[in-house]
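Report on one structure; see the data block that follows.
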Amino acid sequence: MENKKKVWFITGASKGFGLSLVKQLLDAGQFVAATSRNKQELIEAVDIYGNNFLPLQVDLVNESSVSLALQHIYEVFGRIDVVINNAGYGIGGAIEELTDKETREAFDVNVFATLNVIRYVMPYLRGQRSGHIINISSIAGIAPGIGWAVYAAAKHAVVGLSEVLAADVRSLGIKVTVVAPGAFRTNFLKPDSLAITAHPIEDYEDVRTTHKRYLKMDGEQAGDPEKAAASIIEIAFEANPPLHLLLGGDAYNRALNKINDLDKEMRLWAELTCSTDFETVAC
């Protein structure tokens, strides 16, 4: 890695995957620009300060803030090689238990912030005819679970936009990967990263049971965030990185179960599906 120095831009870097990524990259001598809502908090969390590290306080939902940050990174480092859209947070509750405001805020951070970064970094990557955009989604965006509809919808959007983005920018020499982690031992289940509805409805017993089970997992998740960060870094140095990267055995198994369920359901209803053409064909 030391012979292949890159300039990395990482959002949501003061904790979790983002912080692990920043520390590992700086230890390896890479150039890192990283964002947080609180610049001082980021500096204290990283605890490594030098010419290779550019901490930034950025409001990712604000287009001007994102644009100015990327312009500053380009002025300091002269290029941007890898963009990791890591910022996000979880939100739990049945759809009617969450307000319109809560739902829109979840999409702002998980989806529209990602779109803002992509929109404003693309001119730099197009100019270079190179780069790698890595969007952090979740296994919930592929195989959602009960009680997390809004979170799953936001993360599913990240999967979808990444798949089409990859096709759109392939001819420009730009690569795209969407990462779907399972349960990792980060602070994701803590209050500053996860919001649970403040207005539970008694009828949703299964939702409450699911939330209680997830919250009990805090600190006992099977996934190692340091290994996850190392895996994300590894694919950025691959000539042909994956479009989809699952992280964690639980994510792998959930994805396979989802594929199997889809296959069974589609085959079960194939006759009705194909009967809607003007000329019925065998499926």
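Quick caveat, the model's predicted, so the values are computed rather than measured.
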| Check: Ser67 side chain, Ser64 main-chain N or O, donor-acceptor pair, under 3.5 Å | no

| message | Between the side chains of Arg119 and Glu63, is the shortest nitrogen-to-carboxylate-oxygen separation below 4.0 Å, so that they form an ion pair? | response | yes

| said: Using modelled atom types and a 3.5 Å cut-off, is there a donor and acceptor pairing between side-chain atoms of Thr99 and backbone atoms of Glu102? | reply: yes

| said: I'd like to know if the side chain of Thr197 reaches the main chain of Gly93, judged simply by a donor and an acceptor atom lying under 3.5 Å from each other, with no hydrogens or angles considered. | reply: no

| Between Asp263 and Ile259, is there a donor-acceptor pair closer than 3.5 Å when you use the side chain of the first and the backbone of the second? | no

| note | Minimal heavy-atom distance between Val111 and Ala157, with the atoms involved, is CG2-CB, 4.0 Å

| If only atom types and distance count, is the side chain of Lys258 paired as donor or acceptor with the main-chain N or O of Ile142 below 3.5 Å? | yes

| query | Yes or no on side-chain hydrogen bond (donor to acceptor under 3.5 Å, both in side chains) for Tyr204 and Glu96, after CA distance, side-chain angles and deciding distance? | reply | CA-CA 10 Å; Tyr204 288 108; Glu96 67 171 312; 2.6 Å; yes

| request: Decide whether Val76 and Tyr74 are clustered together by the hydrophobic rule: side chain heavy atoms of Ile, Leu, Val, Met, Phe, Trp, Tyr closer than 4.5 Å, transitively. | output: yes

| message | Among residues at least two apart in sequence or on other chains, which ones pass salt bridge (charged side-chain N to carboxylate O under 4.0 Å, His left out) with Glu44? | response | none

| said: Among residues at least two apart in sequence or on other chains, which ones pass side chain to side chain donor-acceptor pair (under 3.5 Å) with Glu205? | reply: none

| request: Check whether any side-chain N or O of Ser137 sits under 3.5 Å from a backbone N or O of Lys155 as a donor-acceptor pair, and report yes or no. | output: yes

| Donor-acceptor pair, side chain of Gln57 and main chain of Lys39, under 3.5 angstrom | yes

| query | Sub-3.5 Å donor-acceptor pair from the side chain of Glu97 to the main-chain atoms of Pro200, do we have one? | reply | no

| task | Answer yes or no: is there a side-chain heavy-atom contact under 4.5 Å between Ile134 and Asn85? | result | no

| Closest heavy-atom pair and its distance - Ala153, Phe107 | CB-CZ, 3.8 Å

| field | Polar side chain donor-acceptor pair, Thr11 to Asn86, under 3.5 angstrom | value | no

| Test applied, ring-ring contact (aromatic ring centres under 6.0 Å, His included); reference residue, Phe77; option that passes from Phe53, Phe31, Phe9 | Phe31

| Main-chain N/O of Ser65 paired to Asp59 side chain as donor or acceptor, under 3.5 Å | no

| query | Which heavy atom in Ala183 sits nearest to a heavy atom in Asp250, and how many Å separate them? | reply | N-OD2, 2.8 Å

| Is a donor on one side and an acceptor on the other found under 3.5 Å between the side chain of Asn110 and the backbone of Gly88? | no

| field | Residues Asp81, Arg79: salt bridge by 4.0 Å N-O rule | value | yes

| request: Return the minimal non-hydrogen interatomic distance between His156 and Gly141, and the atom names on each side. | output: ND1-O, 2.7 Å

| request: Identify the two heavy atoms, one from Val207 and one from Ala94, that lie closest to each other, and give their separation to 0.1 Å. | output: CG1-N, 4.3 Å

| remark: For Arg208 and Ile201 the tightest heavy-atom approach is NH1-O, 3.7 Å

| note | d(Asn135 CG, Leu161 CG) to nearest 0.5 Å is 6.0 Å

| task | Spell out, yes or no, whether Leu68 and Val7 are grouped together once hydrophobic residues are joined by side-chain heavy atoms under 4.5 Å, including indirect joins. | result | no

| message | Under a 4.0 Å threshold between the charged nitrogen and the carboxylate oxygen, would Asp108 count as salt-bridged to Arg104? | response | no

| task | Indicate if Leu268 and Leu272 have the same hydrophobic cluster label, given that clusters are the connected sets of ILVMFWY residues with side-chain heavy-atom separations under 4.5 angstrom. | result | yes

